[in-house]
Protein chains: 2
Amino acid sequence: MATTTLQSSCNHGFIKTSCFDCNLKTLCLPIAMDVRDIEKLDKIIQRTRPIQAGEHLYRSGDHFKSLYAVRSGSIKTYLIDDEGVEQVTAFYLPGEVLGFDGIANSIHSCNVVALETSSVCEMPFERLEELTLVIPGLQHHFFQLMGKQIETDHQMMLTLSKKNAEGRIATLLLGLSRRYGRRNLSRTALRLPMSRMDIGNFLGLTIETVSRTFSRLHKDAVISVDGREIVIKDPEKLEHICHDHA
Amino acid sequence: MATTTLQSSCNHGFIKTSCFDCNLKTLCLPIAMDVRDIEKLDKIIQRTRPIQAGEHLYRSGDHFKSLYAVRSGSIKTYLIDDEGVEQVTAFYLPGEVLGFDGIANSIHSCNVVALETSSVCEMPFERLEELTLVIPGLQHHFFQLMGKQIETDHQMMLTLSKKNAEGRIATLLLGLSRRYGRRNLSRTALRLPMSRMDIGNFLGLTIETVSRTFSRLHKDAVISVDGREIVIKDPEKLEHICHDHA
DNA sequence: CGCCCCATTGAGACGGCTCAACTTGCGTGG
DNA sequence: CCACGCAAGTTGAGCCGTCTCAATGGGGCG
């Protein structure tokens, strides 16, 4: 590869300076791209300093400038309505792309905050829109990313609208399991990056109900729970609970 | 304009053969476009025969081919999960664009059905992707449309997760009112295009609760209800109910 | 050690669901 | 023309899952 200098401010061993070297590229760039094209893309991507837990990447009302790919750590997005009610809208893990909430009005509608020390790749959107005209498939790729987000949101609407507390928790756990698996991490033993409060807010439940549901699933030997450490002991039963309507 | 022959199979007086003549273009094409560019776009758009109530435009699993702009009538989209549970994910009114659920995997994930006799403009997506490279702003426009969909879905997640029955109904009514207003129709007197069942399914409520909630709002003189005919009598109070958390 | 935050667990209240009866409107056929 | 069936909507009574309120436990950190 052409680019050589190693990123200085990175504290995670696997972070590389180029998309080409990044082991997450199969997740956030799953398209066949010419080496020359990757270089073009690489040039516009800014690898910023790590974000600390609780630090915001951007807030509702901020001017929309960029999309972001999570490189390490984990991130949540949330809305705040007129009355101050908050709604966690998504959790983002390494290899996932966020920031689409700003495209429609050039103003972000979401708030984005790190759940732990995290790092992101910033992709200035105007530059990206120029590149999509030059790099074959890149436009389609971003349409796909947004389409995927829409499908995920629709699944979430189904979860919130039709499932009970157990089904919601099971759905969340299986989703996280699958996403961890895509990164070749354990699908059965996972550490939740978010608090019970975040889980409850996301799933439309109180923290008490979240806690009780974890306890019940533990008692029923479907999972084991130790704080944020979860082990999925019976994936099939969890799947069944997840699909259990009402 | 260049195009001249009048569409034969149209039974709605205001339907025109060209985007240029269409009075909905400020909704589905709110960008400054050269007359020549509109012609290019116009050439790829297919104006199909009307869809009857209950007829599907496409179904989950169908190959993704096109986006659709609603020209007249109204349309609902819904998911069916593994267990056969259905979730209405959106209602689409004239001037609104749907079909993004197929982009990610080239396979549609939603089912789309007409709530009444409706007509749509079909926009073959591959052609569209070619045109975006030629017509300035068109790519950004479709990014915006998808971004808007994502924001709408996030608001829906908040509604499903945080609002009680009254709040959900109020949110739906105000949303419809606003969208009718954009088409210069009455914001206060509206005819619901969907059944109580559809409303309940969409909002995560049973039809009984929907019915009771309408009755209560009627009794409290916030709205008047006569079957599907709704009159919003106290918009401010409705707004207040809508923002009433829990 | 003591404080604070997060999580867990229990008891009671309440909103929406379930089940059921009834009404209304509409199309069909006797 | 009315009788009938059917689908959609309304209303009531009782139940159940989740929320609310409250007390307790435990881990990190000054």
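Just the heavy atoms: all of them, side chains too, but no hydrogens, waters or symmetry mates, feed the values below. Just so you know, these numbers come straight off a predicted model, no measurement behind them. So that the names make sense, note that chain A is the first sequence line, chain B the second, and so on, each numbered from 1.
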*Are any non-hydrogen side-chain atoms of B:K233 and B:V222 less than 4.5 angstrom apart?*
no
*Is any NZ, NE, NH1 or NH2 atom of the basic residue among B:R182 and B:E96 found under 4.0 Å from an Asp or Glu carboxylate oxygen of the other?*
yes
*C:dG10 base / A:R212 side chain donor-acceptor hit below 3.5 Å*: yes
*asked:* Going by salt bridge (charged side-chain N to carboxylate O under 4.0 Å, His left out), name the residues that satisfy it together with A:R187, two or more places apart in sequence or in a different chain.
replied: none
_For C:dC17 and B:T206 - does any side-chain N or O of the residue sit under 4.0 Å from the phosphate oxygens OP1/OP2?_
yes
*Under 4.0 Å from any atom of DNA chain D, heavy atoms only: list the residues of residues 219-230 of chain A that qualify, in numerical order.*
none
_What is the separation between atom CG on B:N164 and atom C1' on C:dG16, rounded to the nearest whole Å?_
10 Å
_Need one value for A:G204: base, sugar-phosphate or nothing, where a base atom within 4.0 Å counts as base even if backbone is also close, heavy atoms only._
sugar-phosphate
*How long is the line joining CZ of B:R216 and P of D:dT11, in whole Å?*
11 Å
*Rounded off to whole Å, could you give me the NZ-to-C1' distance for the A:K163 and D:dT18 pair?*
18 Å
*asked:* From CD of A:E166 over to C1' of D:dT18, roughly how many Å is that when rounded to an integer?
replied: 13 Å
*Should A:S211 be listed as having a side-chain N or O under 4.0 Å from OP1 or OP2 of C:dT8?*
yes
_Any side-chain N or O of A:T209 below 4.0 angstrom from OP1/OP2 of D:dC19?_
yes
*Phosphate oxygens OP1/OP2 of C:dC6: is one of them under 4.0 Å from a side-chain N or O of A:S195?*
no
*Give the rounded distance in Å between these two atoms: CG of B:L205 and P of D:dG9.*
14 Å
*A:H218 NE2 to C:dT8 C1': how many Å, rounded?*
13 Å
_For atom CD1 of B:I207 and atom C1' of C:dA21, their distance in whole Å_ = 14 Å
*Non-neighbouring partners of A:E55 that pass side chain to side chain donor-acceptor pair (under 3.5 Å), sequence neighbours left out*: A:R49
*asked:* Distance criterion of 3.5 Å, no angle test: do you see the side chain of B:R196 paired donor-to-acceptor with the base of C:dT24?
replied: no
*Taking only the side-chain nitrogens and oxygens of A:S215, find out if one of them lies under 4.0 Å from OP1 or OP2 of C:dT9.*
yes
*Expressed in angstrom and rounded to an integer, what is the separation of A:E208 atom CD from C:dC6 atom C1'?*
12 Å
*Relative to the ring of A:H108, is the ring of A:Y58 parallel (under 30°), tilted (30 to 60°) or perpendicular (over 60°)?*
parallel
*Taking atom types as modelled, find out whether A:S66 and A:E122 have a side-chain donor-acceptor pair closer than 3.5 angstrom.*
yes
_Sub-4.5 Å side-chain heavy-atom contact between B:L238 and B:L173_ = yes
